[in-house]
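These notes concern the structure reproduced below.
If you read the sequence from its start, that first residue is 1, and numbering goes on from there.
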Amino acid sequence: MCGFTYNISVIAANSICNVSKSDVSHLQAVPCVPQQVEAWLNCESGTVAVSWEPSKGASSYTTIAQGNGGYESTCNSSTTTCMFDDLLCGLNYSITVSASDDTCSSAKSSPLVINTVRCIPQNVKAEMVCSNDTGVVSWEEGEEVSSYMVQAFGPDGDKINCNSTTTSCQLPNMHCGQLYNLTVTAEDGQCDNSNAYLDLQSVPCSPTNVKASLLCDSNSAAVTWERASGALTYRAVGVTEDGSHQTECNNTMTFCDLSDLQCGQTYNVSVYSQDESCSSVESNKAYVRTANCPPQNVVVDSQCDEGTIVVSWSPNTDAQYFHVAAVSNTRARLYCNSSGTACTIKDVPCGQSYMVTVLSVRDGCESKPSAVVETSSAPCVPRNIEGRLDCVSNNAWVTWDASEGALSYSVQATGVGGHNSSCTSTSSPCAVPDLECGTLYTIHVTAINKHCRSNHSATFELETGPCALTSISAVTECNSSTILVEWEKMDDTPLYLVTAEGHDQTLISCNSSSNSCVLRDIHCGMHYSIIVSASSDKCSSLRSPPKKIKTAPCVPENVTVEASCEENGATVMWGPSPVATSFFLTATGRDGHVASCDTSENNCTLTHLHCGQLYNLTITASGDNCTSQPSTSTFRTGRDTMGYLYL
């Protein structure tokens, strides 16, 4: 029997006698198999304690824990208990105990199955679903786990639980702006203390007490708010009421400026808190009204006679009033204000140009200026008016001092008999033409600009020479250098002086005691005014009215030729001629080809010329009844690799 010690002796015997017994030997039987094997799992430490009843004949015990994954652990003990502290988590172990003496070991006890503590959940992750304040926790699936429990503890005392038999769990309705401590527990119904720990930041809270105020100078909005729990940064968003424009700004502080606002709009302003993952729901809205838009359709009317500038614009019901500024070319500034749609700037100095702008004002905030409109006041009245008579042409040469703000001047001469004559000029002097002889003229000057005329200057009087000689004739042959002047001879006049003044104010003269005289060295292309006087004093009482005559046109000069590839031709250009009314151009090629044109301009294009030809070019100018001598030149045509004609 197991566990007993046997004393063994041998007796020899026959049929007659028994011999004395041998010496006694001792034999120890195999120890008994341990009975009543029990095991306990310590959930806190994860150790397994095994106990059994003492086995008869045993001096020591060996306990083996065999895991279902092939893992094995052995515990040796001289008592009837053994402690396993190296068993793997989350496994089923089969536990057997065998008893031993110095020689033998018993068979193993009946196996006892026990589960170790569940493993701590692995790869646990947590993130927020920003749109609904829900936390989602996930992990890897563990062995022999029946369910999982997630607990969330917020610093404000909020506690949220969720349970799951899968690998994720949702924590709803998490308070905003809280850093939650999360515990994920793997449960098996026996030990529920396998915990994983992590943190989860909930969605930031919305900013509160949002305010927005307009910064007039920059047309931006200063937005402020109170700090929100859980926020790392803030984003302020401004949207127009009609949704057509949006602008935003960001800051880690509790303020920022919304820039690039559109004029004349009301913006709804909201602020969002942000952390690394989520943005809060929008805050309560604040409202800000931007500055008015610049006035439109600004019209400026210079009231020259009254010395005022009237400025008008389209209506704007948002404006409390409008401010008009006119800045002159001397940097002088004139202003006026109006609550309507027009404003008058008074006492405007003469001779100034102005840049006029209008801006609208509401609640002390100014719009941007309108588009600039240019205007000017009336030019200042010309001063120091003087004049002299040109006796040859019977023109009055008038001079004056330049007037501020004047672009041009008008000189008006009014005769006693009602005859009027005038001239215009951009500067002094100006020649008033075709005055009648023997007439007293009153002359004044008026300054003019794009918008106004000045009052006329002080007047002065000028009397032309009286009329005497009549029946003056002047004749020149075409392309001649002389003019024959004839008149009706008067009694008691021994000498006549003939004077010709060209349009360039050059003078040519001759004298005669008869009734004719020849003016020599006459130039081509000139307008001449010719008078005959009875003495060297051309303004004496014996003088003729001016006789006007044109000489023949000059030969065209400065002739140039340029290729006109598209038309296989050439454009010919020449200098202007003062008296020519038309030009005739002929190009004759060596092959007999002729091209010509007739024009009133000082250029002409010849088309369809033959390539590779030398052309002889002649140009004549015509005016009234005369034609100039021809201008002659040559040019050669060619053709490039693209087939275009060139010179």
Any side-chain heavy atom of [X] within less than 4.5 Å of one from [Y]?
X: Pro121; Y: Tyr148; result: yes
X: Val50; Y: Glu38; result: no
X: Leu214; Y: Asn219; result: yes
X: Tyr71; Y: Ser73; result: no
X: Cys249; Y: Asp257; result: no
X: Glu248; Y: Arg235; result: yes
X: Glu282; Y: Val271; result: no
X: Val150; Y: Asn163; result: no

Distance-only polar pair, side chains of [X] and [Y], donor-acceptor under 3.5 Å:
X: Thr247; Y: Asp260; result: no
X: Tyr93; Y: Asn68; result: no
X: Gln320; Y: Asp363; result: yes
X: Ser168; Y: Ser138; result: no
X: Thr571; Y: Thr605; result: yes
X: Tyr335; Y: Asn337; result: no
X: Asn195; Y: Thr185; result: yes
X: Asn449; Y: Ser376; result: yes
X: Glu127; Y: Ser277; result: no
X: Gln303; Y: Asp301; result: yes
X: Ser302; Y: Thr375; result: yes

Minimum heavy-atom distance between [X] and [Y], given as atom pair plus value:
X: Ala29; Y: Gly3; result: CB-N, 3.9 Å
X: Pro204; Y: Ser280; result: O-CB, 3.1 Å
X: Ser259; Y: Ser220; result: CA-CB, 3.9 Å
X: Asn297; Y: Ser314; result: ND2-OG, 2.8 Å
X: Ala39; Y: Ile95; result: CB-CD1, 4.1 Å
X: Trp313; Y: Gly340; result: NE1-O, 3.3 Å

How long is the span from the [atom1] atom in [X] to the [atom2] atom in [Y], to the nearest 0.5 Å?
X: Asp158; Y: Phe153; atom1: CG; atom2: CZ; result: 10.5 Å
X: Met1; Y: Lys56; atom1: CE; atom2: NZ; result: 8.5 Å
X: Lys450; Y: Ser408; atom1: NZ; atom2: OG; result: 12.5 Å
X: Ile64; Y: Glu72; atom1: CD1; atom2: CD; result: 5.0 Å
X: Glu53; Y: Ser109; atom1: CD; atom2: OG; result: 12.0 Å
X: Ser206; Y: Trp225; atom1: OG; atom2: CH2; result: 13.0 Å

Residue pair Lys125, Val137: steps toward the side chain to side chain contact (heavy atoms under 4.5 Å, CB included) verdict: CA-CA 6 Å; Lys125 298 178 182 178; Val137 186; over 6 Å; no

Is the backbone N or O of [Y] less than 3.5 Å from a side-chain atom of [X], with the two atoms forming a donor-acceptor pair by type?
X: Thr116; Y: Leu88; value: yes
X: Ser164; Y: Thr166; value: yes
X: Ser106; Y: Ala99; value: yes
X: Asp242; Y: Ser244; value: yes
X: Thr134; Y: Asn132; value: yes
X: Thr254; Y: Thr224; value: no
X: Tyr354; Y: Arg333; value: no
X: Gln122; Y: Ile120; value: yes
X: Gln35; Y: Val33; value: yes
X: Ser377; Y: Gly351; value: yes

Lys/Arg N to Asp/Glu carboxylate O, Asp318 vs Arg289, below 4.0 Å: yes

Sidechain N-carboxylate O distance under 4.0 Å for Arg118, Glu187: no

Heavy atoms from other residues, nucleotides or ligands near CG of Asp217 exceed 12 (cutoff 6.0 Å): no

More than 12 heavy atoms from other groups under 6.0 Å of CD on Glu276: no

Side chain to side chain donor-acceptor pair (under 3.5 Å) between Thr233 and Gln274, worked out: CA-CA 5 Å; Thr233 62; Gln274 296 174 313; 3.3 Å; yes

Intermediate values then yes/no, side chain to side chain donor-acceptor pair (under 3.5 Å), Thr183 and Gln151: CA-CA 5 Å; Thr183 302; Gln151 294 178 304; 5.1 Å; no

Side chain to side chain contact (heavy atoms under 4.5 Å, CB included) assessment of Leu41 paired with Val117: CA-CA 8 Å; Leu41 176 63; Val117 293; 3.9 Å; yes

CA sep, side-chain torsions, deciding dist, call: Tyr61, Thr80, side chain to side chain contact (heavy atoms under 4.5 Å, CB included): CA-CA 7 Å; Tyr61 300 91; Thr80 58; 4.3 Å; yes

His245 vs Gln265, side chain to side chain contact (heavy atoms under 4.5 Å, CB included): CA-CA, chis, key distance, verdict: CA-CA 10 Å; His245 182 252; Gln265 296 279 359; over 6 Å; no

